[in-house]
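Order of the sequence lines fixes the chain letters, A, B, ..., with proteins taken first and strands second; residue numbering starts at 1 for each chain.
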Amino acid sequence: ETGVTQSPTHLIKTRGQQVTLRCSSQSGHNTVSWYQQALGQGPQFIFQYYREEENGRGNFPPRFSGLQFPNYSSELNVNALELDDSALYLCASSPHSGAQFSYNEQFFGPGTRLTVL
Amino acid sequence: AQRVTQPEKLLSVFKGAPVELKCNYSYSGSPELFWYVQYSRHRLQLLLRHISRESIKGFTADLNKGETSFHLKKPFAQEEDSAMYYCALRRSGGYQKVTFGTGTKLQVIP
């Protein structure tokens with residue numbers, strides 16, 4: 001059983017560009033959540049995907065979008081990058097989390113460090 | 001709105017001393033509370049959740065709804081406890097959105 005993997009490890013973009021970050025879920029997990037962690041802050045929830053559909057979103061603008069694929073891997077896309085988007089982006093997968101009333105432990109990836117210049 | 005406050009950025013204790021990492025939350029409904037830990041060069045991972053009422057690695061946390069607190073405690077700190085600790089909240093019955101605090105770095109001095 002492999003854990004959550006993310007790519008790339010780090011990247012540098014300039015303001016106004018677009019970026020795509022990738023996440024492979026842990027085996028058997030069908031739900032993926034994305035978090036943004038700015039320096040010195042805790043992770044902030046961006047959104048969650050279950051069965052290829054977004055089923056929860058935090059306070060992030062529409063230029064943050066995502067996809068989940070049939071194999072449960074996921075992408076986070078950010079358009080029109082701003083300097084404040086510089087952060088560590090974490091992906092977390094969990095099993096059978098479509099049910100609203102139960103919490104299943106989220107397993108985090110190592111993160112992608114994004115720097116916007 | 002849900003909010004989690006961890007008032008201490010850094011907590012330094014000597015090995016063998018008691019540890020208490022403070023966490024207060026703001027939420028009008030019934031929350032689920034968690035503690036996550038991140039050891040150096042490791043991933044963020046769940047330490048414990050209040051529903052389980054369990055002790056993990058000697059750590060315990062009690063949900064105090066009157067004081068809206070969920071402090072993490074351990075009677076005797078060990079060097080391997082040095083890490084970043086995050087308190088987190090989820091709306092009970094909601095989807096998987098978890099709100100994290102800003103974290104407290106625990107430093108155990110040998």
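- Interface remark: Gln44(A) contributes no atoms to any contact with chain B (heavy atom separation under 4.5 Å).
- Only the side chain of Lys9(B) has a heavy atom closer than 4.5 Å to any heavy atom of chain A.
- Of the listed residues (Leu114(A), Val116(A), Thr20(A)), just one forms a side-chain contact (heavy atoms from CB on, under 4.5 Å) with Leu11(A), and that residue is Leu114(A).
- Glu82(A) and Arg63(A) are joined by a salt bridge, as a carboxylate oxygen and a charged side-chain nitrogen come within less than 4.0 angstrom of each other.
- Using a cutoff of 4.0 Å between basic side-chain nitrogens and carboxylate oxygens, Arg49(B) and Glu32(B) are scored as salt-bridged.
- Interface summary for chain B: among Ala38(A), Pro110(A), Gly40(A), Pro43(A), the most heavy-atom pairs under 4.5 angstrom belong to Pro43(A).
- Checked options Val13(B), Val108(B), Ile109(B), Leu106(B); the residue passing with Ser82(B) is Val108(B) (criterion: side-chain contact (heavy atoms from CB on, under 4.5 Å)).
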